[in-house]
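What follows is a set of notes on a single structure, which appears directly below.
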Amino acid sequence: MIAVIPAAGIGQRMGAALPKQYLECAGATLLDHTISALFAESRIQKIYIALQPDDHWFASSRYVGSEKVERVDGGDTRSASVLNALSVALATFSNDVLVAVHDAARPCLPPEVLRKLLDVAYEFPAQGALLAIPVRDTVKYVADTAALNVGNSSSVSSYGQLPIIARTLDRENIWLAQTPQVFRLGDLQRALVLAEQHGVGITDEASAMEARGIQPILVPGSRMVMKVTDPEDLELIEFYLSKLKRG
Ligand SMILES: Nc1ccn([C@@H]2O[C@H](COP(=O)(O)OP(=O)(O)OP(=O)(O)O)[C@@H](O)[C@H]2O)c(=O)n1
Ligand SMILES: C[C@](O)(CO)[C@H](O)COP(=O)(O)O
């Protein structure tokens, strides 16, 4: 099996001076933590890292020069970055090889969680599998209007326009998708190409497979596999990474 790490984002919501995957945390960059989690899993033979073509930060990674790690060009969107990496991988690996796609922005991936996901993916290669966690809070679907309605009137609060509730969703069947997401290389490449051709909005690999009628398996992940998105996440990820290192 192989892995792809989309790492070509700019980290706009983080607002840092460099892309968030290069921020230092618990002794390494977030990207190096992410690579190290996949590197340590013996079933993963090769890791493709999709980077902005003009990325000059990766040159300082401890994984530069490793035969198991290959840099490829990313694209304008996450799915374009993944697709570029899959196309490069297909020059070396066959359609039936499993590929685990894992966000650079999810640097904390406990080994036992990864192992469980890969075990399930090997059992059900045609369906594929991904990490996910069930929603714990009550889920509100918000109305289209952004205005705060008071009685029959519509007003803006002292904190600006706030959303209002349209309805409460039944959370019983709602899970939040994480990564890695594991599929057969050929299946995923075809699904992503078709999604692009048909203008299907894709925010993860499973969505592309779902659009082809596949029902991927959800493997319980962990809150530690959180996606680092804005500055508020940094303290928590540092805590999780340190906890993981301590074992
Ligand atoms: N053109 C892109 C955009 C995103 N990603 C990667 O996809 C993952 C998830 O994306 P996200 O967390 O949204 O990262 P950014 O796009 O960097 O963040 P932002 O949306 O705040 O700019 C990240 O590892 C990011 O580097 C990518 O490879 N190529
Ligand atoms: C793939 C993903 O991690 C699933 O939660 C996520 O969708 C990627 O983040 P984005 O902000 O939608 O690119």
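All values reported here derive from a predicted model rather than from experimental measurement. Each ligand, and each atom within it, is numbered from 1 in the order the structure gives.
A salt bridge is defined here as a Lys NZ or Arg NE, NH1 or NH2 lying under 4.0 Å from an Asp or Glu carboxylate O, and R13 with E232 fails to meet this definition.
Proximity of a side-chain donor or acceptor of E196 to a complementary backbone N or O of S79 within less than 3.5 Å is not detected. The backbone N or O of G74 sits nowhere less than 3.5 Å from a side-chain atom of S81 that would complete a donor-acceptor pair. One N or O on the side chain of R171 and one on the backbone of R136 form a donor-acceptor pair closer than 3.5 Å.
Residues S87 and L90 are not in side-chain contact: their nearest non-hydrogen atoms beyond the backbone lie 4.5 Å or more apart. Side chains of K227 and L176 form no contact here, defined as non-hydrogen atoms less than 4.5 Å apart. Between R115 and R43, some side-chain heavy-atom pair lies under the 4.5 Å cut-off. In this structure, W175 and P220 have side chains that are in contact, with non-hydrogen atoms separated by less than 4.5 Å. The closest side-chain heavy-atom distance from T179 to D103 is below 4.5 Å. By the 4.5 Å heavy-atom criterion applied to side chains, S222 and I133 are not counted as neighbours.
Residue R106 approaches ligand 2 through these ligand atoms, each under 4.0 Å from one of its heavy atoms: 2 (C), 3 (O), 4 (C), 5 (O). The distance from ligand 1 to the heavy atoms of A104 drops below 4.0 Å at these ligand atoms: 24 (O). Applying the 4.0 Å criterion to heavy atoms of D76 picks out, from ligand 1, the atoms 1 (N). Using a 4.0 Å cut-off to heavy atoms of I10, the atoms of ligand 1 that qualify are 17 (O), 22 (O). Those atoms of ligand 1 with a heavy atom of S81 less than 4.0 angstrom away are 1 (N), 2 (C), 27 (C), 28 (O), 29 (N). Against a heavy-atom cut-off of under 4.0 Å, D204 is close to the following atoms of ligand 2: 1 (C). Set against the non-hydrogen atoms of D103, the atoms of ligand 2 under 4.0 Å away are 1 (C), 2 (C), 3 (O), 8 (C). Listed by number with element, the atoms of ligand 2 under 4.0 Å from a non-hydrogen atom of R13 are 11 (O).
Taking any N or O of T229, backbone or side chain, none lies under 3.5 Å from an N or O belonging to ligand 1. Considering backbone and side-chain N/O of G11, one or more are found under 3.5 Å from N/O of ligand 1. By the 3.5 Å distance cut-off applied to N or O atoms, A50 is not counted among the residues near ligand 1.
Heavy-atom contacts from other residues, nucleotides or ligands closer than 6.0 Å to CD of E210 number more than 12. Residue K243 qualifies as open at atom NZ: its count of foreign heavy atoms under 6.0 Å is 12 or below. Annotation: Q215, atom CD; neighbour count of heavy atoms from other residues, nucleotides and ligands within 6.0 Å does not exceed 12. The local environment of CD in E235 is sparse, with at most 12 non-hydrogen atoms from other residues, nucleotides or ligands closer than 6.0 Å.
Not a single heavy atom of G74 sits under 4.0 Å from any atom of ligand 1. Using 4.0 Å as the threshold, M226 has no heavy atom nearer than that to any atom of ligand 2. Residue Q52 places every heavy atom at 4.0 Å or more from ligand 1. Residue contact annotation: E205 has no non-hydrogen atom under 4.0 Å from ligand 2.
Y63 and F39 have tilted rings, their planes meeting at an angle from 30° to 60° on a 0 to 90° scale.
The nearest protein atom to atom 14 (O) of ligand 1, hydrogens excluded, is given as K20 NZ, 3.3 Å; this is a heavy-atom distance. Nearest protein heavy-atom neighbour of atom 20 (O) of ligand 1: R13 NH2, 3.0 Å. Among all protein heavy atoms, the one lying closest to atom 22 (O) of ligand 1 is Q12 N, 2.7 Å. The nearest heavy-atom contact from the protein to atom 9 (O) of ligand 2 is K227 NZ, 3.2 Å. Protein heavy atom at the shortest distance from atom 8 (C) of ligand 1 is D103 OD1, 3.5 Å. When only non-hydrogen protein atoms are considered, atom 4 (C) of ligand 2 lies nearest to A177 O, 3.4 Å. Shortest contact from atom 23 (C) of ligand 1 to any protein heavy atom: P6 O, 3.7 Å. Counting protein heavy atoms only, atom 13 (O) of ligand 2 is closest to R78 CD, 3.8 Å. Nearest to atom 7 (O) of ligand 2 among the protein's heavy atoms is T203 O, 3.1 Å.
Residue A8 touches ligand 1 through backbone and side chain together, judged by heavy-atom distances below 4.0 Å. Only the side chain of K227 comes within 4.0 Å of ligand 1, judged by heavy-atom distances.
Using modelled atom types and a 3.5 Å distance limit, the side chains of S207 and D204 yield a donor-acceptor pair.
Comparing heavy-atom distances from atom 16 (O) of ligand 1 across G9, P19, A105, G75 singles out G9 as nearest.
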